[in-house]
Amino acid sequence: MIARDEQRETALTLYRIFKEEVYRRRDRMMVWTATGAGSLFALLLLILLVPSARQLTTPARLLLACGSLILAITFALMIRQQQTRHRQAKQQLITLEHVLGLFDERLRPDDRPIYPDTWQTEWTRDHSLLQYLSILILLTGLVLAAIALVTA
């Protein structure tokens, strides 16, 4: 059987690891969003500013549109994967916070817990995935519109 002090030290070590993981996954979501948005914006600029883009044939426009959609879907899937891992790490972090007693009463002089009860469920109302995907959807729509509307 593991001694109480060893259990606490193990929980603290895991807590630090999972806390870093929560931040790392959120950062990856932002990086993939910025990379995807930048790629789509660059593609939009190419379509609008390069004169030869106006001379693309219909099959070439379809290929460009399909490629743009595949690019956007790829970034969306990578962002979604990071969001899933972020949520899993956050759930584990809250479990470790319970083990460490961070939600228990009487840990501070005013008899309040270190973390409020809302801390345990606030993460479930996170809308960042919707925001990140909305950015990609809007830019993809602009790229597809540019492909369809730019004429010779």
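Residue numbers run from 1 in the order of the sequence given.
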Heavy-atom pair of closest approach, residues [X] and [Y]:
{"X": "A53", "Y": "L46", "value": "CB-O, 4.2 Å"}
{"X": "R54", "Y": "V150", "value": "CG-CG1, 3.2 Å"}
{"X": "R80", "Y": "L129", "value": "CD-CD2, 3.7 Å"}
{"X": "A72", "Y": "T140", "value": "CB-OG1, 3.1 Å"}

Worksheet item: Is the shortest side-chain N to carboxylate O distance from R16 to E20 below 4.0 Å?
Response: no
Distance from [X] atom [atom1] to [Y] atom [atom2], nearest 0.5 Å?
{"X": "E9", "Y": "L14", "atom1": "CD", "atom2": "CG", "value": "10.5 Å"}
{"X": "L139", "Y": "S134", "atom1": "CG", "atom2": "OG", "value": "11.0 Å"}
{"X": "I73", "Y": "M78", "atom1": "CD1", "atom2": "CE", "value": "12.0 Å"}
{"X": "E97", "Y": "F18", "atom1": "CD", "atom2": "CZ", "value": "12.0 Å"}
{"X": "L144", "Y": "S68", "atom1": "CG", "atom2": "OG", "value": "6.0 Å"}
{"X": "I17", "Y": "L96", "atom1": "CD1", "atom2": "CG", "value": "9.5 Å"}

Fill in: L40 vs L44 side-chain heavy atoms within contact, under 4.5 Å
no
Worksheet item: Is any side-chain heavy atom of L64 less than 4.5 Å from a side-chain heavy atom of L43?
Response: yes
Fill in: Heavy atoms from other residues, nucleotides or ligands near CZ of R4 exceed 12 (cutoff 6.0 Å)
no
Practice prompt. Indicate whether any N or O donor in one side chain lies under 3.5 Å from an N or O acceptor in the other, for T57 and R61.
Written response: no
Discussion item. Which residue in the set Q82, Q88, Q83 passes side chain to side chain donor-acceptor pair (under 3.5 Å) when paired with R25?
Written reply: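 Exactly one candidate clears the test, Q82.
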[X] with [Y], same ILVMFWY side-chain cluster at under 4.5 Å:
{"X": "V99", "Y": "L12", "answer": "no"}
{"X": "Y23", "Y": "M30", "answer": "no"}
{"X": "V50", "Y": "L71", "answer": "no"}
{"X": "I70", "Y": "F75", "answer": "no"}

Worksheet item: Under the side chain to side chain contact (heavy atoms under 4.5 Å, CB included) criterion, do S128 and R26 qualify, and how do the steps go?
Response: CA-CA 9 Å; S128 60; R26 173 71 69 184; 2.3 Å; yes
